[in-house]
There are 6 protein chains.
Amino acid sequence: TQEKADRHPKTGIVRGLAWTSVGGETLQIEVNKMPGKGDIDLTGQMGDVMKESAIIAMSYVRSISQEYGVDQKAFKECDFHIHIPEGAVPKDGPSAGITMATAIFSAVTGEKVRGDLAMTGEVTLRGRVLPIGGLKEKLLAAKMAGVTEVLVPFENKKDVEEISEEIREGLTITFVKSMKEVLEHALVNQGRK
Amino acid sequence: TQEKADRHPKTGIVRGLAWTSVGGETLQIEVNKMPGKGDIDLTGQMGDVMKESAIIAMSYVRSISQEYGVDQKAFKECDFHIHIPEGAVPKDGPSAGITMATAIFSAVTGEKVRGDLAMTGEVTLRGRVLPIGGLKEKLLAAKMAGVTEVLVPFENKKDVEEISEEIREGLTITFVKSMKEVLEHALVNQGRK
Amino acid sequence: TQEKADRHPKTGIVRGLAWTSVGGETLQIEVNKMPGKGDIDLTGQMGDVMKESAIIAMSYVRSISQEYGVDQKAFKECDFHIHIPEGAVPKDGPSAGITMATAIFSAVTGEKVRGDLAMTGEVTLRGRVLPIGGLKEKLLAAKMAGVTEVLVPFENKKDVEEISEEIREGLTITFVKSMKEVLEHALVNQGRK
Amino acid sequence: TQEKADRHPKTGIVRGLAWTSVGGETLQIEVNKMPGKGDIDLTGQMGDVMKESAIIAMSYVRSISQEYGVDQKAFKECDFHIHIPEGAVPKDGPSAGITMATAIFSAVTGEKVRGDLAMTGEVTLRGRVLPIGGLKEKLLAAKMAGVTEVLVPFENKKDVEEISEEIREGLTITFVKSMKEVLEHALVNQGRK
Amino acid sequence: TQEKADRHPKTGIVRGLAWTSVGGETLQIEVNKMPGKGDIDLTGQMGDVMKESAIIAMSYVRSISQEYGVDQKAFKECDFHIHIPEGAVPKDGPSAGITMATAIFSAVTGEKVRGDLAMTGEVTLRGRVLPIGGLKEKLLAAKMAGVTEVLVPFENKKDVEEISEEIREGLTITFVKSMKEVLEHALVNQGRK
Amino acid sequence: TQEKADRHPKTGIVRGLAWTSVGGETLQIEVNKMPGKGDIDLTGQMGDVMKESAIIAMSYVRSISQEYGVDQKAFKECDFHIHIPEGAVPKDGPSAGITMATAIFSAVTGEKVRGDLAMTGEVTLRGRVLPIGGLKEKLLAAKMAGVTEVLVPFENKKDVEEISEEIREGLTITFVKSMKEVLEHALVNQGRK
Ligand SMILES: [Ca+2]
Ligand SMILES: [Ca+2]
Ligand SMILES: [Ca+2]
Ligand SMILES: [Ca+2]
Ligand SMILES: [Ca+2]
Ligand SMILES: [Ca+2]
Ligand SMILES: [Ca+2]
Ligand SMILES: [Ca+2]
Ligand SMILES: [Ca+2]
Ligand SMILES: [Ca+2]
Ligand SMILES: [Ca+2]
Ligand SMILES: [Ca+2]
């Protein structure tokens, strides 16, 4: 089935977690890299804060890409498109930051991202991971989507401890402080260079 | 008559289905490819969500075009114009996504699209086909326009099953999960490379 | 007198018909082609729908221009300016579409347009002519301006039949389905290549 | 005194006539041509209709400039700035059209414009002169500013005939149908090539 | 002290006078010229009229710069930034025009501007100096800031004559009709070429 | 712990102080310099005044960079991104000016900035440091974040003197009049060339 296929490692697709008025939801963030001239398209009815998150994620990936052997011309000679389905649903907030950064990194490097993993967290320009809200609902949504591991900001540790065992069971919750840790967990080859 | 001519296979024209307050309607999406510098014009009083759909459809086609032998210079050295008549009627929503992607693909490759076919469905950047609303009204409109086959998102299967036999009879309804399947059905030469 | 001069064939000027709250009116659409870099200026307090009509008309002319022997560099190395006097009167709607397309075609090719002719109709990107409203008032305005022939969308045939003989007498009404037919009637040399 | 100096022929400065809630006023339209890349700056708190008038005036001058021996590179390699003092007073409407066209023509060609002349009239892209309002107040303002001749649209002839002899005496009123006539009267060397 | 230093001649800094709801104030207009591509940055929460003043001032300086031996490439190969502290206070109106023109001229030519001088006046594109308001409050502010000479538009002469001797004493008030006169008074070397 | 790490000298990161409705806060301003074409990205939900501050800070650094041996091509061939976490919190005002200028200077030159230091102050285009508000709350926030020295505008000296000894103790408060002084204190190598 398609659901199973979704859990195969892929390039440029990463599963994020959103918190809406009707509960948590998983979002598959999609990134395409195409021959172009350095333009960035953002679609999926993103609000201002989420658009800034995408720009921050892009800059972060550019700033570390040399370290991972990426030809810097890619950022001048390619266009990038970041999309979050479903296209008619407005989305906002900074909590998709690390998911977008991981999806961009994967599109840029060609590295595959684990399909059994979801993540949530704000990213800063220097790759720090900042805490987010709505954790209980997000973990529930991850579980319902068949995810087995979730990356959560280290500064949300105390929030996780307040969530009942019942919800957490069956989920590996990994706390992360930086994008480097996120990439180590999310990439199939563990971000090894 | 013109109506019959409309059902001949054409390049850059694909029949979509819209759902308005006064019922379903067919929309002929038109795409022109012209010598230019990579600009994209969107006309037909498209709303924000529909404009994003067009951008997503364009990026999707770019991302698969190499696979179909399209010279990548086309996207830098051509302008594309996507128009949905009638020009004074505001239109919005993501459900023209697969229709726009098919029309763009046809304009880019020169492949003809079947004139006896209509389609509806949201497209994602990676070519997944997502479910849409207003199916009953759209199928009625397709039938009244003399369409014989309609492509419908796989995830709308249960909605189709709830529609009366009377409406569905005379229409072949084909469920699709991905743009590749859409192209296989819509192109006269079945998307064979 | 100036009025008579206005009926001499000209390049880049075509008479359209508008329908306002105080009745019908004729509008002389003016197009200038100048050495430039492919920019398009639209003036005359055009509303959104009318601006889109101008863009559609431009794309249509580009798409057929090769067929008429037009050097494609013209669209990169010229600027086009489309103006509808009077400059302080807001105008909108799609019904100037075929008039704008004809004026652009004339400016691009240098072909003269008949001065004793007026026209009204929406144009699509592929050159289909779609029906418009306010026909009775428009025909009256055409007659008062001394026009002898009016091009009207084929799909408005039944509307014309409902207009009294008295209004129609003295006017040749020609029904058109496509821009090719419009050009055949409007150009002094009948669009012959 | 400065007032006398203002009546010396100048390049790129032309006296227009405005009609405000507190009566008529003269406006000295200033145009600078500078080495640049084809940009146009419009200042003086111009409203939308007046900005369009400036763009129309510019296009008109471009379209006739070759005929007057102007090197066409000027429009690509120069910037133009059109300003109407006083900078804090909002201005709008199409009636400065022929004044702006004359000032631009003068800046482009270096031809001097008569300082004892004022003018008012809408200009179209093809150089037709269309009628304007507020004539009585404008003529009074021209007289008070020491102007001796005023160019007025031909279609305003009947309006002028309704204005009392007392106001008109001492003013030569010249009716114009086209920009070519405007230039013939306004340029010191009568627009002779 | 800093206050004394502020009165030393400087390049690209000129003292203007503003009139606010709480009285007059001095504003030090700062201009930086940097290697670039002809961009102009305007900061200091300037309103629309003030931004236009800055653009007018820039065009005026460009138009006279050749006369002062300035290499015209400067305007293509440099960026200019015009700032008026304090950054959080909204400012508007045309009366900083001659101050901005002087500061730009100084930045462009490297000529020093007198530090014991303040000025106020609208500038036109051709360098005329137009009258402004709030003179009494501005002169008081200039005096309190230790300024010894103030440049005032000639057309404000009658307003100055109505201001009490007490306020004017200790201030040299110089009336100016044109930017050339402003530069002669403001530049340390008197604008001599 | 991370907190200790944050106090190590870093490049392109400087600690500012903000004053919000719920008290003072420290903000780590992050600047990335990347190969590019001179674009500047500003993220962190900055308001208009704060965005202008960033542009002023950038221009100031450009204007002094030659003096510090910076290759001027950097400003044409690099993009700069200035971000202030947390991404969802709106921020405004000019008081982050000197912090942004210091972070940009550090990113441009590669010089490390002291991690035990915080600062607050408006910057002008010429590098003057202007006074700001909310000092008491900002100093408290600095102390709670483990900062040992705070740079404060000289013109705020009297405000500091009114703050109780208890709040100030343990903090070295250094008054600064110019960006040069700021850089001398903030850079690990004291801004020595
Ligand atoms: Ca916002
Ligand atoms: Ca959903
Ligand atoms: Ca929207
Ligand atoms: Ca319809
Ligand atoms: Ca609209
Ligand atoms: Ca009229
Ligand atoms: Ca308007
Ligand atoms: Ca006035
Ligand atoms: Ca305004
Ligand atoms: Ca103040
Ligand atoms: Ca603001
Ligand atoms: Ca916080």
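Only heavy atoms go into these numbers, but all of them, side chains included; no hydrogens, no water, no symmetry mates. Within every chain, numbering begins at 1; the chains are lettered A, B, ... in the order of the sequence lines, protein sequences first and strands thereafter.
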Side-chain H-bond candidate by donor/acceptor type, A:Ser106 with A:Lys10, under 3.5 Å
no
The test is salt bridge (Lys or Arg N to Asp or Glu O under 4.0 Å); show your working for A:Arg128 and A:Glu122 and say whether it passes.
CA-CA 8 Å; A:Arg128 283 192 294 141; A:Glu122 177 174 345; over 6 Å; no
Report which part of F:Leu42 has an atom under 4.5 Å of a heavy atom belonging to chain A: side chain, backbone, both, or neither.
backbone
Indicate whether the side chain of F:Lys138 and that of F:Thr120 have a donor and an acceptor atom separated by less than 3.5 Å.
yes
Proximity breakdown for A:Ser53 and chain F, heavy-atom pairs closer than 4.5 Å:
neither
Checking A:Leu125 against chain F: side chain, backbone, both or neither under 4.5 Å from a heavy atom?
both
Donor + acceptor pair across side chains of F:Thr20, F:Lys91 (<3.5 Å):
no
I want to check a possible cation-pi pair here: F:Lys33 against F:Phe80, using under 6.0 Å from ring centre and within 45° of the ring axis as the test.
no
Go through A:Ile56, A:Val123, A:Ile55, A:Asp92 and name the one with the most non-hydrogen pairs under 4.5 angstrom from chain F.
A:Ile56
Which bit of F:Asn32 is near chain A, if near means a heavy-atom gap under 4.5 Å: side chain, backbone, both or neither?
both
